[in-house]
Amino acid sequence: MSDPRSIFLKDATVTSADGTQRAFIRKALGGYYVNRDLQKARYRDWERARDAAALAKWNAVNDLAVVLEQFTANFERNGGVVHWARDAAEARAIILGIAEKAKAKAIVKSKCMTSEEIHLNDALEKAGYGVVESDLGEFIQQLRGEAPYHFVFPCMHVKREAISELFTRHLGTPPTDSPEELTMIARRHLRQLYVDADIGITGANFLVAETGQISITENEGNARLTAALPRIHIALSGIEKVVASLDDLSVLLPMLATAGAGQPMTCYNTLYSGPRREDEPDGPEEFHLVLLDNARTRLLADPEQRDALHCIRCGACLNVCPIFKNIGGLAYGTTYQGPIGSVITPHLRGLKQWNHLSGASSLCGACTDACPVRIDLHHHLLHNRRNAAKESPTWFDRAFHHGFSFVIKRPWLFAAGGRIFRATLPLLRKLPLPYMGAWMKTRDLPEAPARSFREQWRHDHA
Amino acid sequence: MPDARSDIFARIREALKVKAPRPHLKGEPVAGMTSTVAKPWLPDGGETTEASLTILAEQLARLKAVLIRVPDQSSAVKAIAELSVAKQWKKVAYHGHASTRPVAAGLGCETWEVDAGFDKQKLESCDAGLTTCEAIVAQLGAILVSSTGSGGRALSILPHAHVVLAEVTQVVPDLGSALALARARHGDRMPSMLSFITGPSRTGDIERILVLGAHGPKELYLVLVG
């Protein structure tokens, strides 16, 4: 069985039974909750600030053609080159083309989830380029040969002992159990790579239409180095990252940091508007931006769920999600994990194969409460369930809904059915029910009440 | 087949034919610039210079950046010279500016002005980079540097320590003011890089434990004159 649903069910069963791993994830997130609340308390009105952030994104996304046109015109005026990619294959071909033309050998990358989405590293490596991820977490995941566990904290599930062992094996460094020492090992190893690389590839957190700048948010300084030292800078971004004005960042940058990592502001928030200017001492000679659709316009065409394109990828919804905390990030089998991933993946990869993620939710709404740009996440999971039932109903959906509507339209039948159900409940409680195996494994049927709700109502209001 | 650009724009225009509802908000939307509208909701940046400076000091302390306040330029020269001795810096790269040149001259170690272009390898081996800045954001403890005003892109990120020399008058209350200032100063000719630096480089990638100096500077000093 290799369909996404079966793989998900198998992996999630294994990971959710791993108590040690779950405790480790909970502990890792513990510090985040403290810092996030501390920083949120500095906001004079966090809820209203969320309104402002949501509106900034809503305005841009709902005027996407205009803002995107303005952005690209300004970006080109500043000396950058814009490339358009309808899908992953086109984006990969564009980037390979730039690398080929530049006769590049070494490529250094900073964190970019969009590049995970298009499987860029595979394509570059197959074409013979050396590609190194420079974000510490991504670097560790690259050495492990594993996808990111969390799109903001890629290796949060890996214990320091495993990282030490990994570095010893790949880099030949002595074992250590100090996170500081491990970080310094990666720092020393990567420093030379920035200096030697021909191409630096980054993502983009925001595209500013008013000025034609791209904004990159990071803590480590690796994106700064990636965009400073190599001869060519390529940024890869989804078309939905655009905002109308520079001023919008006054709300979005601090909220991204607070919601995502419990910081007042991420360590480096950098705006790039072009290649090196003549009056500047350094910087790349070429600056390319690859703008990717890859089914984003399909999500845009759904007005009900269009707000999912507001996402600023802070990861707050993952950090509070009971499902994420129990099954972990890898079980999702998606580029974007957690609630936002469960909402958008069916749009990006097909509702039929990925609708099971809509069920991977307790609908508690913690994600919706946490979202700094007010995406209606848990309702969208319900919308996806409804759409899936409409688009390709299973025989069970069809039979159940037909049966239900037949009964509910006939009060006498409904009452009779209820009486029969109450009478047989004691027996049903003892029987293994067909098709209810997974549900009944952890639940019991309730005891039958003496009277139905309608009987009780009539009695009490007589 | 139409090119990708026209295709994507056609898809966008088609998709936007149906309007999306406004997000569920807590309050009514307010007309105006985002930063002005959101100012009373965001973290305080201080109404007066004194208040801003107090907030700035608190923020920098929390970020583990070092704030050194000096009364005048000559005390700044002395303070940075003392710092370089205490930290045993052997090589310091700097952005050539009227305020940084006397500082460089006062250091008892090798100094090097990078503005005419530089060797990356040599800059990597420097102990510290000395720059000016565009503005300082009290609200967040963020320092805005630029590729034109702070010695390029690498000077503030590649050396192991970063020293920023600034005047008290460069402190602005909040991020919105700093962005407006950059816009007013540079207009349509923005420096190719503008970067808000909020504390020394850091990571929490290993077990979510904070480590300073991930790839950028391990130490950040703000020397504030006035």
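Because the structure is a prediction, the values reported are computed rather than measured. Reminder, nothing fancy here: chain letters follow the sequence lines and each chain counts from 1.
- For the side chain to side chain contact (heavy atoms under 4.5 Å, CB included) test, no residue two or more places apart in sequence or in another chain qualifies with B/Ala61.
- Within the structure, the salt bridge (Lys or Arg N to Asp or Glu O under 4.0 Å) test picks out the following pairs touching residues 188-205 of chain B (sequence neighbours left out): A/Asp279-B/Arg189, B/Arg183-B/Asp188.
- A/Gln192 touches chain B through its side chain: at least one heavy atom from C-beta onward sits under 4.5 Å away, while N, CA, C and O do not.
- There is no side-chain donor-acceptor pair under 3.5 Å between A/Glu220 and B/Ser201.
- In terms of heavy-atom pairs under 4.5 angstrom with chain B, the leader among A/Gly221, A/Ala49, A/Ser250 is A/Ser250.
- With a 4.5 Å cut-off on non-hydrogen atoms, A/Asp376 touches chain B through its side chain but not through its backbone.
- Minimum heavy-atom separation, A/Asp51 to B/Gly27: OD2-N, 2.9 Å.
- Under 4.0 Å is where a charged nitrogen must lie from a carboxylate oxygen, and between A/Arg86 and B/Asp7 at least one such pair does.
- Both the backbone and the side chain of A/Leu300 come within less than 4.5 Å of a heavy atom in chain B.
- Looking only at side-chain heavy atoms (C-beta outward), A/Lys159 and B/Glu207 come within less than 4.5 Å of each other.
- Using a 4.5 Å cut-off between heavy atoms, A/Lys40 makes no contact with chain B at all.
- Contact annotation for A/Ile140: only side-chain heavy atoms (C-beta onward) come within less than 4.5 Å of a heavy atom of chain B.
- Interface remark: A/Ala227 contributes backbone and side-chain atoms alike to the contact with chain B (heavy atom separation under 4.5 Å).
- Using a 4.5 Å cut-off between non-hydrogen atoms, the part of residues 121-138 of chain B that approaches chain A consists of B/Gln121, B/Glu124.
- Contact tally against chain B (heavy-atom pairs below 4.5 Å) for A/Arg296, A/Glu210, A/Met255, A/His83: the top residue is A/Glu210.
- When heavy atoms are compared at a cutoff of 4.5 Å, A/Val195 approaches chain B by way of both its backbone and its side chain.
- For the side-chain contact (heavy atoms from CB on, under 4.5 Å) criterion with B/Leu16, the lone passing option out of A/Leu64, A/Thr297, A/Val66, A/Asp63 is A/Leu64.
- Of the charged side-chain nitrogens involved, at least one lies within less than 4.0 Å of a carboxylate oxygen, so that A/Glu69 and B/Arg5 count as a salt-bridged pair.
- A pairwise comparison of heavy atoms in A/Arg191 and B/Leu158 identifies NH1-O, 2.7 Å as the closest pair.
- Comparing B/Gly187, B/Ser177, B/Ser156, B/Ser146 by heavy-atom pairs within less than 4.5 Å of chain A, the highest count is held by B/Ser156.
- Residue contact with chain B, scored on non-hydrogen atoms closer than 4.5 Å, is absent for A/Val82.
- Put simply, CD1 on B/Ile206 and CE on A/Met156 are 14.0 Å apart, with the number rounded to the nearest 0.5 Å.
- Side-chain contact between B/Met190 and A/Tyr272 is absent, with no heavy-atom pair separated by less than 4.5 Å.
- Closest approach of B/Leu140 to A/Pro264, counting heavy atoms only: CD2-O, 3.6 Å.
- Interface residue A/Thr183: backbone and side-chain heavy atoms are both found under 4.5 Å from chain B.
- Closest heavy-atom contact between B/Pro217 and A/Tyr268: CD-OH, 3.4 Å.
- Residues A/Asn219 and B/Thr203 form no side-chain contact, since every pair of their non-hydrogen atoms from C-beta on lies 4.5 Å or further apart.
- For the set B/Gly176, B/Ala182, B/Pro23, the entry with the most heavy-atom pairs within less than 4.5 Å of chain A is B/Pro23.
- Looking only at heavy-atom pairs under 4.5 Å with chain A, the residue among B/Leu212, B/Ile197, B/Ile209 that has the most is B/Ile197.
- If you tally non-hydrogen atom pairs under 4.5 Å between each of B/Arg13, B/Lys19, B/Arg22 and chain A, the highest count goes to B/Arg22.
- Heavy atoms of A/Phe24 lying under 4.5 Å from chain B belong exclusively to its side chain.
- Checked by atom type, the side-chain pair B/Thr148/A/Glu280 shows no donor-acceptor distance below 3.5 Å.
- Under the 6.0 Å distance and 45° angle rule, B/Arg208 counts as a cation-pi partner of A/Phe153.
- Here the rule is side-chain contact (heavy atoms from CB on, under 4.5 Å) with B/Ile8, and of A/Leu292, A/Leu291, A/Asp293 only A/Asp293 fits it.
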| Step-by-step salt bridge (Lys or Arg N to Asp or Glu O under 4.0 Å) determination, A/Arg48 to B/Glu28 | CA-CA 9 Å; A/Arg48 289 297 270 149; B/Glu28 277 306 300; over 6 Å; no
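- Here B/Ser192 is the residue among B/Ser192, B/Gly216, B/Ala142, B/Ala178 with the most heavy-atom pairs under 4.5 Å with chain A.
- Both the backbone and the side chain of A/Leu68 come within less than 4.5 Å of a heavy atom of chain B.
- Of the listed residues A/Glu47, A/Arg50, A/Arg160, A/Arg298, the one with more heavy-atom pairs under 4.5 angstrom with chain B than any other is A/Arg160.
- Residues of residues 32-43 of chain B that come closer than 4.5 Å to chain A, counting heavy atoms only, are B/Met33, B/Thr34, B/Ser35, B/Ala38, B/Lys39, B/Pro40, B/Trp41, B/Leu42, B/Pro43, ordered by residue number.
- What you find for A/Glu90 and B/Ala4 is that their closest heavy atoms are OE1-CB, 3.7 Å.
- Within the 4.5 angstrom heavy-atom criterion, only side-chain atoms of A/Ile239, from C-beta onward, approach chain B.
- Counting heavy atoms from C-beta outward, B/His215 and A/Arg224 have side chains that stay 4.5 Å or more apart.
- The shortest non-hydrogen separation linking A/Trp58 to B/Ala20 is CZ2-O, 3.5 Å.
- If you measure heavy-atom distances from A/Arg187 to chain B, the contacts under 4.5 Å come from both the backbone and the side chain.
- Of all the listed residues (A/Leu225, A/Asp307, A/Val251), the one sharing the greatest number of non-hydrogen pairs under 4.5 Å with chain B is A/Leu225.
- Taking B/Gly141, B/Gly199, B/Ser147 one by one and counting their heavy-atom pairs under 4.5 Å with chain A, the maximum is reached by B/Ser147.
- Salt bridge absent: A/Arg42 and B/Asp44 never bring a charged side-chain N and a carboxylate O closer than 4.0 Å.
- Side chains of A/Leu271 and B/Ser195 form no contact here, defined as non-hydrogen atoms less than 4.5 Å apart.
- A distance of 11.5 Å separates CZ in B/Arg153 from OG1 in A/Thr226, rounded to the nearest 0.5 Å.
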| How far apart are the C-alpha atoms of B/Lys120 and A/Asp282, what are their side-chain angles, what is the distance that settles it, and do they pass the salt bridge (Lys or Arg N to Asp or Glu O under 4.0 Å) test? | CA-CA 9 Å; B/Lys120 298 177 205 174; A/Asp282 64 349; over 6 Å; no
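- Only the backbone of A/Thr266 has a heavy atom closer than 4.5 Å to any heavy atom of chain B.
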